[in-house]
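Below is one structure, written out as structure tokens; comments come after it.
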Amino acid sequence: MISISNVTKHHKGATRPAVDGVSFEIERGDFVFLVGASGSGKSTLLRLMLREEIASKGDIFVLGQNLVTVPSRKVPVLRRKMGVVFQDFRLLPNKTVFQNVAFSLEVIGKSSAFISEAVPEVLALVGLGEKAERYPNELSGGEQQRVALARAIVNKPDLLLADEPTGNLDPATSADIVALLEKINQAGTTIVMATHDVGIVDRLKRRVIELRQGVIVRDDKKSGYETALPNTDQIEMPAASEEQK
Amino acid sequence: MISISNVTKHHKGATRPAVDGVSFEIERGDFVFLVGASGSGKSTLLRLMLREEIASKGDIFVLGQNLVTVPSRKVPVLRRKMGVVFQDFRLLPNKTVFQNVAFSLEVIGKSSAFISEAVPEVLALVGLGEKAERYPNELSGGEQQRVALARAIVNKPDLLLADEPTGNLDPATSADIVALLEKINQAGTTIVMATHDVGIVDRLKRRVIELRQGVIVRDDKKSGYETALPNTDQIEMPAASEEQK
Amino acid sequence: MKLGFVFREIGQSLSRNVSMIVSIVLVTFLSLTFVGTAGLLQAQIGQMKTYWYDRAQVAVYLCTDTSPSDACPQGEASADVKATVDAALKAATLQPFVEKFYFEDHQAAYDKFQEQFKGNAVAKYVTPQQLNETFWVKVKDPEKSAVIVESFTGVAGVEEVRDQRSYLDQIFSILNAASIAAVGIAAIMLASAVLLISTTIRLSAFSRRREIGIMRLVGASNFYIQLPFILEGVVAATIGSLLASGAVVAIVQFFVQGYLATRLPLTSFVGLDDALLLTPLLLVAGIGLAALASGVAIRRYLKI
Amino acid sequence: MKLGFVFREIGQSLSRNVSMIVSIVLVTFLSLTFVGTAGLLQAQIGQMKTYWYDRAQVAVYLCTDTSPSDACPQGEASADVKATVDAALKAATLQPFVEKFYFEDHQAAYDKFQEQFKGNAVAKYVTPQQLNETFWVKVKDPEKSAVIVESFTGVAGVEEVRDQRSYLDQIFSILNAASIAAVGIAAIMLASAVLLISTTIRLSAFSRRREIGIMRLVGASNFYIQLPFILEGVVAATIGSLLASGAVVAIVQFFVQGYLATRLPLTSFVGLDDALLLTPLLLVAGIGLAALASGVAIRRYLKI
Ligand SMILES: Nc1ncnc2c1ncn2[C@@H]1O[C@H](COP(=O)(O)OP(=O)(O)OP(=O)(O)O)[C@@H](O)[C@H]1O
Ligand SMILES: Nc1ncnc2c1ncn2[C@@H]1O[C@H](COP(=O)(O)OP(=O)(O)OP(=O)(O)O)[C@@H](O)[C@H]1O
Ligand SMILES: [Mg+2]
Ligand SMILES: [Mg+2]
């Protein structure tokens, strides 16, 4: 499903690569957590898998294509088989919740009959059935996050990339969402999820890939959030760390 | 400092008020956590205190002014004494980190001498000293959140309103930020912080106001995140709840 | 209030919308040039009116031997006829209308003809006797010249009475039509300029609504928020107005004075002074419209 | 490909940018009307050229008794002179240039004069003897009429040789100047129309960059993303072009045919057929420019 080998991403103007010589494989049907400190490269890795960014070095095979070399015109077809939840939601402010979800089906040419059936179903699934006609700025942060999740899963993707999908949710709602993700995963969708939520990672006991400054420092099956490695990220935050002492 | 009595906010088109008959007082120098499920009204309450929204009913006294009746032209002066961190950061995409923080000082007419001293200082404080020349889209989610925090505190406000300022941070960075907030609080700034982070609330043992569907269900001094009340929010999410069972 | 900051913001916004600004400048330029041209035409009409109406006269043509026989059955007008007309013009009834009059005999008419058609083949075919003797009557109020015309039309020995103003009115009506056309085009173009300015400002505000929102939240005053947007429209419109003023001055200098005036030396044309009188009006119109359009456009982004 | 969806998106975008669209429509309308007017003027010049050049002749005026004595010391041209000219025109040297020629005697010239100056006071002063006898020479190639002029200028008994084309060239140069002015204004306005269209589309794309970004991320194809934006510019430009076509047809129908043609019945003017020939060109120009401008403007938002 996903095969990443020796991938490095160096942003222009950045002092060090955001992702630095990373290699791993993910099987069809896996549920993988990406963890690591703020700025460790989780979002960058997910964007590379979506070909929103292109790797500086290495190969990224997703759904049978090498994203580093695939021509632009083949990308849309590839993306139709992926779902994605962004850290910043990326909802359309001038469309209602329903339209936001429907939009992603319309642009890939789904019939309106399909849309009018699938969208209410998925909104009910994430607990937003009653807010279908609301606009994003009329929703709480957690509600917006659930709309983004609904949009990502409405087309039953083969691969779901989720960037902190519970970052703005209270523990109870988070638990509901994770249960939903588990169900989607059981139905066959591969899930890669970046998260800071200790509780969820520890409870689910799935594969955990931990990044530190763009390097994989841990890749354990059935693991938890915490690690025994010393926290070298502190060198990045001298001032704040001093304040703490 | 803050005195809220019988405040209700009913959004147009919403089925129930987002904030429903809420009353409480906050003293100068307090550190208050706002907790509650997704959609319970925390952000709305913070927006009311900033007069980004106007209450449908009730009185809101902040810094000596009743925000429900104060004329628009007096609002800018009032806001200059408040700092605010939004759930969605609200950074300017076409300005660098430095410029984003400096901008909030420039628009209120601070001298460039002051700006060129205060901004690097506050950026170092939140651990972003090295990323001053980056643009927001070149930052990770957690880094953006810290920029937003830096902007809120650079002008040493009397009152800091923070909406999930650690939502996108890993536990270690969160701890640093909270330590920073405690320090600011000790220096005299009143802090109202909406959060879902169980760990922080439980560890700090400060005043906790819990909302449920817009109503205050708990207002305890030196309390934790959890409560013994039954979780009635579940009625809002029928489908997701079913999935879980 | 730090002006440096405001100007930096305007500069950024201008450079971001540069093609928009260029089109505002062009449209303002063209529309105000048309407005200016319409103004020049009106000034020209006014000038010609005072010049020509001043000289406008009624001509009482007396019969000659070669006059058509239905108007002049007795041939050449006798001395009696001349005396009668002279007396009538001096009589109390016509006195209120007549400012002055003079008599032009055959020789004077011939001299004038030769002068007027100098070099023309016709000049050599004409003899003094063929040309009418004429009473030229200058009326006090050109609007009431009909009284004179009526008094002498059909009188024995008078071939024809002609009000010279009717010639001029034709010229004026053509110039008027041209001026109306210029005003019409100017109106359409001003409308598009106003739309354009308000749209640019609105889009500029829309694309910076986050910035505006953040400015409001950190406590910037409305004036501070509004200024860059209004100045943006005003700067573009000012450039357009200046170009239009330049164009109007150039039209007068090179086309009217440099070309027309040398070709038609007997007509008095609008001069640089008229053009220079128009330019501040154009500037005020351009800047005023821009300030208004941007002010209205930005308004709805300013609710706190 | 669901067209309903595309059209809904265009409709939304149009209604959001309505004042922008109106100004595109107005500017396209005005600029294409100027282009059309320039086209009409050129057509008019072409038409007059073929009409008049066709009739253009060289006139060889023979001396009369009243001719100036320096050109005609012997007075009235003798029969010999006429025979010489006639022979020269028939001779082999001039034959390649002359298509045909005819002789106009005093009476014919008088009749023509009376016809031409009917009702004019001059007509009655002229006698047949005063008017020149003339050889009217129709040349094969109007460009080479100078040969004839040179052959007869200065010949004894010939008062003057005049190439009638020189009169026409003056008229044409005036019309040409008007046409160039119209083209110049049209060019400035077309430039602002293109800028305006590309800016509108770019701003429209900018204000919808989130939408575009999301479309790209959910796998919409470039064509799908691009279409609404290009159509938006094209729709506005099409309306402008149609209005301009209507204006051009109206100018021909009401001004040229309805006013000028009745005033100047002897001149042949451009007709509706010319206007109708221009309209598809205006439409193609407007739509093509809009498609190009929007296509280029949207390009940089389409990198995946
Ligand atoms: N476009 C860019 N240009 C330069 N640097 C970038 C760019 N995008 C990301 N970075 C840098 O790369 C590093 C990794 O960023 P990334 O967003 O992947 O972190 P993250 O693990 O998702 O962090 P968080 O948990 O805070 O979201 C950060 O230090 C960031 O500043
Ligand atoms: N402008 C609006 N119009 C209509 N409803 C609104 C509007 N703003 C908020 N709401 C509704 O009010 C309720 C409270 O929203 P609020 O943003 O205050 O929640 P919150 O406690 O901050 O939630 P979260 O933890 O998910 O951010 C939500 O159900 C939301 O849908
Ligand atoms: Mg991230
Ligand atoms: Mg919230």
Side-chain angles (χ1 to χ4, degrees), chain A residues 11 13-15 18 35-44 87-89 121 123-130 133-134 138-146 163-164 166-177 179-180 183 196 198-199 225 231 233-234 236-241 243-244, chain B residues 11 13-15 18 35-44 87-89 121 123-130 133-134 138-146 163-164 166-177 179-180 183 196 198-199 225 231 233-234 236-241 243-244:
Chain A
H11 290 110
T15 46
V35 304
S38 169
S40 58
K42 305 181 293 300
S43 298
T44 303
Q87 204 164 357
D88 53 355
F89 316 149
E121 207 174 280
L123 286 179
L125 207 61
V126 297
L128 288 174
E130 289 170 14
E133 296 313 316
R134 296 289 191 79
E138 299 172 358
L139 297 178
S140 77
E143 287 162 350
Q144 291 181 39
Q145 205 159 39
R146 284 180 270 161
D163 201 350
E164 300 185 33
T166 60
N168 286 285
L169 296 178
D170 59 295
T173 314
S174 291
D176 289 344
I177 292 295
L180 179 61
K183 194 167 172 264
H196 290 305
V198 182
Y225 187 92
N231 190 351
D233 277 344
Q234 294 299 331
E236 259 216 286
M237 302 181 50
S241 315
E243 298 305 327
Q244 204 179 358
Chain B
H11 291 108
T15 45
V35 303
S38 168
S40 60
K42 303 181 295 300
S43 298
T44 303
Q87 203 164 358
D88 53 355
F89 316 149
E121 206 174 281
L123 286 179
L125 207 61
V126 298
L128 287 175
E130 291 170 13
E133 296 313 316
R134 297 289 191 79
E138 300 171 358
L139 297 178
S140 76
E143 287 162 349
Q144 291 181 39
Q145 203 159 42
R146 282 180 271 160
D163 200 350
E164 300 185 32
T166 60
N168 287 285
L169 297 178
D170 59 296
T173 314
S174 292
D176 288 345
I177 292 295
L180 179 61
K183 195 170 172 263
H196 290 305
V198 182
Y225 188 90
N231 189 351
D233 277 344
Q234 294 299 328
E236 258 217 287
M237 301 183 49
S241 316
E243 298 304 327
Q244 204 180 358

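In what follows, chains are A, B, ... by sequence order, proteins preceding strands, each numbered from 1.
Qualifying side chain to side chain donor-acceptor pair (under 3.5 Å) partners for B:Glu164, counting only residues two or more places apart in sequence or in other chains: B:Gln87, B:His196. Legend: residues meeting side-chain contact (heavy atoms from CB on, under 4.5 Å) with A:Ser140, ordered by chain and number and at least two apart, are A:Glu143, B:Ser38.
Taking CD of A:Glu138 as the start and NE2 of B:His11 as the end, the distance is 8.0 Å to the nearest 0.5 Å.
Closest approach of B:Asp170 and A:Gly36 over heavy atoms only: CB-O, 3.8 Å.
Of the atoms belonging to B:Ala14, heavy atoms from both backbone and side chain fall under 4.5 Å from chain A. Using a 4.5 Å cut-off between heavy atoms, B:Asn168 touches chain A through backbone and side chain atoms alike.
Ranking A:Lys42, A:Gln145, A:Glu133, A:Arg134 against chain B, the residue ahead of the rest is A:Arg134, based on heavy-atom pairs under 4.5 Å.
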